[in-house]
Amino acid sequence: MSLRFYNTLSQRVEEFHPARDNTVRLYTCGPTVYSYAHIGNFRTFTFVDILRRWLRASGYGLDHVMNITDVDDKIIRNAAAEKKTLGEYTAVYTQAFLEDCATLRLEVAEHLVKATDHIGDMADAIARLTAGQHTYTSDGSVYFRIATFPGYGKLSHNDFSGNLAGARVDVDEYEKADARDFALWKAPKEGETSWDTKIGPGRPGWHIECSVMAIKYLGETLDIHAGGVDLIFPHHENEIAQSESLTGKQFSRFWLHAEFLMVEGQKMAKSLGNYFTLRDLIGRGYKPEAIRYLLASVPYRKSLNFTFDGLQAAQMAIERLRNFKLRLDTEKLPEGGDDKMAARTEAAAQAFVNSLDDDLNTAEALAAAFEYARDANSAMDAGQFGADNRAAAVRFFEQFDAVFDVLKPSGADAGDDDSKIEARIAERNAAKKARNFARADQIRDELLAMGIILEDTKSGVRWKRK
RNA sequence: GGCGCGGUAGCCAAGUGGUAAGGCAAAGGUCUGCAAAACCUUUAUUCGUCGGUUCGAUUCCGACCCGCGCCUCCA
């Protein structure tokens, strides 16, 4: 089977191939940097990360643009409240966002682009839309006239035909000619940041930045455009209207949308006290890998119920996989290899690939890894996992971690150098040999206090950091 | 009201027209000087409810109930 994605546009699972050469042109909606991003945002960004990694694992090159929305009403309001310029204000949260991404091991897009760096490009685009009769001006603001775009509603599958025809309202009373029209360019307001451009002073509306930056860096037709489900309407619908009016070409071939995250079965809201940023969770002592695992473990098209029990479970689940990986790397294995084991390793790796190929079914992909770990552990116990079986198993887990990226511990735990630890272990081994178990246990406890966990195995002592 | 997503064991969660993956938790066991790790066994005769189609439905159809999202700037 080949790679398939559910396309919001067609409401079907479709086979995916990039349109040109071997590179995927991917655009994803990034954060609006008016405060710290919350875990709901990171659910979507984690999905994008898994998407990136799986596209690459599938043999494709990546050309990915993610925008940073650094001008909007909230930003203008908050910056003014703090008596900062827009740039000063957004720099803080842009930096915070990048740090959070690094914490969660989210890859950075090839092009990370800011709206405010593309004001001139947006003005150009709006001028072209105006030349094409797609806009009108009202009180100094420029609006997109939806009546000029017949395909409006094709992404969100809303039928606006009834709404649009003859829905003219009094222009003196309403600034927009039609309720569905949206601002491309907003007239400057007293005391608000604005830019002088070829279409006059003002600032861009929300939707235009994505169309302009996507087309500028990736061309007129994207392979994939992705974001959260809440963006389907109106944001992405409006992007389509603008872009396709501009180019006459299909804006994006595939539209992928991540479902919402809930917290303890409820929607996340500041008023409910269940609103968490990544920093909140790290501050509570949860490991970034556990958060990453939890966010990635539920397939992106299912809403994800984020719970602290779940986070705890995620931490334990990772531990299990890490224990297996450690054993795989250190176990003394019998000579030769077992053909059946080799076949099962191959089958597990294939199951992993098949799962992710199927619209990124991460839950099933994880199951393949866990089932394999159990199988291989049993085989090792039974002496049916030979030295020749190791390489393929290691390769499978590398393939696993190239996508999930949860096996390597993070944090500043490399305090004590290994040789010192090894020396203590040797000391304990001597004590054990002399059957001085009290002394051996004492050393083990001391190491444990340093965050070093010892495991006695048939093939010697294995240790790991907590 | 319109559009969309979902309701599966204590929790998280996959899945298929043919009789329920995986993880966590819990209990018992094996191994071990003791631990740890690992492995084994047990935990859904049942997949929101009610009908229908079918030899057979959790999976298809219909109705209903519940949760969530969007319907003018929220991932």
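We name chains A, B, ... by the order of the sequence lines, and we start the count at 1 in each one.
Put simply, A/K74 has a side-chain N or O that comes within less than 4.0 Å of OP1 or OP2 on B/C74.
Between A/R292 and A/E289 there is no salt bridge, since no side-chain N of the basic residue sits under 4.0 Å from a carboxylate O of the acidic one. Salt-bridge annotation for A/K325 and A/D329: present, with a side-chain N of the basic residue lying under 4.0 Å from a carboxylate O of the acidic one. A salt bridge links A/E331 to A/R462: one of the charged nitrogens lies within less than 4.0 Å of a carboxylate oxygen.
Annotation: the span from A/L328 atom CG to A/F396 atom CZ amounts to 11.0 Å, rounded to 0.5 Å.
Contact annotation: side chain of A/R444 to base of B/A35, donor-acceptor pair present below 3.5 Å.
Nucleotide B/A20 forms a pair with no other nucleotide shown, judged by Watson-Crick or G-U wobble geometry with both contacts under 3.5 Å. Within the shown strands, B/U30 is the pairing partner of B/A38 under the Watson-Crick or G-U definition, both distances less than 3.5 Å. Partner assigned to B/C3 is B/G69, using Watson-Crick or G-U wobble distances below 3.5 angstrom.
Rounded to a whole Å, the CD atom of A/E319 is 14 Å from the C1' atom of B/A38. For the pair A/N361 CG and B/G15 C1', the computed distance is 9 Å after rounding to whole Å. Following rounding to the nearest Å, A/Y300 (OH) and B/A14 (C1') show an atom-to-atom distance of 16 Å. The CG atom of A/D456 sits 9 Å away from the P atom of B/G33 (whole-angstrom rounding). Per the geometry, OH belonging to A/Y152 stands 13 Å off C1' belonging to B/C3, to the nearest Å. For the pair A/D381 CG and B/C31 C1', the interatomic distance rounds to 9 Å; values are reported in whole Å. To the nearest angstrom, C1' of B/A36 lies 17 Å from CZ of A/R322. The separation between A/N41 atom CG and B/G69 atom P is 15 Å, rounded to whole Å.
Taking for each of A/S156 and A/C29 the nucleotide of RNA chain B with the nearest heavy atom, the 5'-most of the two is the partner of A/S156.
Taking the P atoms as reference points, B/U8 lies 27 Å from B/G56, given to the whole Å. Nucleotides B/G4 and B/U43, compared at atom C1', are 36 Å apart to the nearest Å. For B/U30 and B/A44, the C1' atoms lie 27 Å apart once the distance is rounded to whole Å.
Comparing B/A13, B/C68, B/G33 by their closest approach to the side chain of A/F437 singles out B/G33.
Here A/F260 lies parallel enough and close enough to stack on the base of B/A75, with planes under 30° and ring centres under 5.5 Å apart.
Annotation: A/H236 is not in aromatic contact with A/H207 [ring centroid separation under 6.0 Å not met].
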